[in-house]
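These notes are about the structure you will find just below.
Quick caveat: nothing in here was measured; it's all calculated off a predicted structure. In the text below, chain A, chain B and the rest are named by the order of the sequence lines, each starting its count at 1.
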2 protein chains.
Amino acid sequence: MARSEIEKILLAKGVKATPQRVVIADYLMHTESHPTADEILEATSNKLPVALSRATVYNTLNTLVEAGVIQEVFTDPGATRYDANITDHHHFVDVKSGKIMDIPKDLVPVLQEKLGEKYKVHSYKVTFYGEMKD
Amino acid sequence: MARSEIEKILLAKGVKATPQRVVIADYLMHTESHPTADEILEATSNKLPVALSRATVYNTLNTLVEAGVIQEVFTDPGATRYDANITDHHHFVDVKSGKIMDIPKDLVPVLQEKLGEKYKVHSYKVTFYGEMKD
DNA sequence: GTCTGCTATTAGACTAAGTCTAAACCGGGA
DNA sequence: TCCCGGTTTAGACTTAGTCTAATAGCAGAC
Ligand SMILES: [Mn+2]
Ligand SMILES: [Mn+2]
Ligand SMILES: [Zn+2]
Ligand SMILES: [Zn+2]
C-alpha cells in the first residue's frame, strides 16, 4: 500500500498514522488559514468512511501538537487555532475579516534581552493587528 | 459625600460610578496581577453589602473596557484577563507560575513596517514566555 | 418630597470550547 | 486466531461568557 507523504511525516514524529490523524493533518498542511477545532471537524468529517467525533478531533490535535507536527495559535479569545506551519513565526490579524496571516520571523527585528536580568526569555510571539490592503 | 479617586476616574470616562463598578475598578487598579473575571468576582464579592452576580462582573468589565478604563489581555487560552494598566505595553508570561508581568513599550524596539505594503499595522502586542529569576 | 422612567443589577437559563468517561473498535504481534 | 494496548466514539460534564426577564435604584421633573 502506498505510504502517503503525510503518513511518513506522522511516523517520523512517532505518531501512529490512523485515518483520522492523516485526514486532519492533511487538511491543516494544505490550508493557509488558521482554523479552529470546529472548523477542522466541519472540513474533515466527510472525508472518512466512519463518523468523526469531536473528542477525536481534540485528541488528534493535542497529539499532533505534542508530537510537534502542528502548533497552537492564540491570537484571539474564544477558540484555539491550529497551524501546520511549525516554524517560529508571528501573525498578522486582519481586524476587518478576522483572517490570520503568517509573518516570517525574519521580517521582525530580534527583540531579545533588553528586559533586564530578571527575565529569562525562552521565546516570544508578536501579534500584529491591522488591515490588509486588497 | 466624599468622591473617591476611582469615582472621579469613572465619571471622567463617562461611566456612572455605581458601587459594583467602583469596587471592581478599585480592585483592578490596586493589583499587579492580571486577573480573570472569576478571580475578580471572588476578590470583590465580599466587598459589597449586596450579592454580586457573575453577569454584573462581566457587564462591568465590558463597560470599563469600552470606556477605556481597563484593557483586555489575551496571553493564554481559556480565559480573558483584565488590566488596569491602559498604557500600550507588552507582557511576559512566567511559564512556571503562569504569572503575567507588564513590559513597558520602550523596552521593546519599534517593530513597524518591514512587513511590506500589503499590511497596514494598527498596533502590535508582544508576548514573552520564559522564567523569572527569583 | 413624590412620581416617573431609565439604567444597572440580579439569578438563572443558555451557548460554546474543551475535557473526561466508559464502552466499542481496531491492528500488530504471539 | 487470539490477545492486548492504543484509538475512536457518543455523550456527559465543566467552564467562560452571554442573554433574558424581572427587580432595584437613582436622576431629574414636578
Ligand atoms: Mn490544548
Ligand atoms: Mn469581551
Ligand atoms: Zn501561522
Ligand atoms: Zn499588563
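In this structure, the CD atom of B:Glu42 is 15 Å from the C1' atom of D:dA16, given to the nearest Å. Spacing between atom CG of B:Asp76 and atom P of D:dT15 amounts to 17 Å, rounded to whole angstrom units. B:Leu11 places its CG atom 14 Å from the C1' atom of D:dA27, with the value rounded to the nearest Å. Rounded to whole Å, the distance from OH on A:Tyr82 to C1' on C:dG18 is 8 Å. Distance B:Glu39 CD to D:dG17 C1': 15 Å, rounded to the nearest Å. The nearest whole Å value for the distance from the CG atom in A:Asp38 to the P atom in C:dA17 is 5 Å.
A:Lys47 has no carboxylate O lying under 4.0 Å from a charged side-chain N of A:Asp26, or vice versa, which leaves the two without a salt bridge.
Each of D:dG17, C:dT19, C:dG18 was ranked by its minimum atom distance to the side chain of A:Ala37; first place goes to C:dG18.
A side-chain contact (heavy atoms from CB on, under 4.5 Å) with A:Gln71 is found for exactly one of A:Asp88, A:Asp83, A:Leu64, A:Thr87, namely A:Asp83.
Note: A:Phe128 and A:Phe92 have parallel aromatic rings, judged against thresholds of 30 and 60 degrees for the angle between ring planes.
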Check nucleotides 7-13 of chain C against the protein and report each pair of N or O atoms closer than 3.5 Å, with its distance, or say if there are none.
| unit_1 | atom_1 | unit_2 | atom_2 | d |
| --- | --- | --- | --- | --- |
| C:dA8 | OP1 | B:Arg21 | NH2 | 3.3 |
| C:dT9 | OP1 | B:Thr18 | OG1 | 2.6 |
| C:dT9 | OP1 | B:Gln20 | OE1 | 3.1 |
| C:dT9 | O3' | B:Gln20 | NE2 | 3.2 |
| C:dT10 | OP1 | B:Ala51 | O | 2.0 |
| C:dT10 | OP2 | B:Ser53 | N | 3.3 |
| C:dT10 | OP2 | B:Thr56 | OG1 | 2.6 |

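Note: A:Glu32 CD to A:Met101 CE = 7.0 Å, rounded to the nearest 0.5 Å.
Close to D:dT18, at under 4.0 Å from its OP1 or OP2, lies no side-chain N or O of B:Tyr58. A sub-4.0 Å separation between OP1 or OP2 of D:dG17 and a side-chain N or O of B:Thr80 is present. OP1 or OP2 of D:dT18 lies within a sub-4.0 Å distance of a side-chain N or O belonging to B:Asn62.
Counting heavy atoms from C-beta outward, B:Tyr82 and B:Ile40 have side chains that approach closer than 4.5 Å.
A cation-pi arrangement is found for B:Lys105 relative to B:Tyr124, the charged atom lying closer than 6.0 Å to the ring centre and inside a 45° cone about the ring normal.
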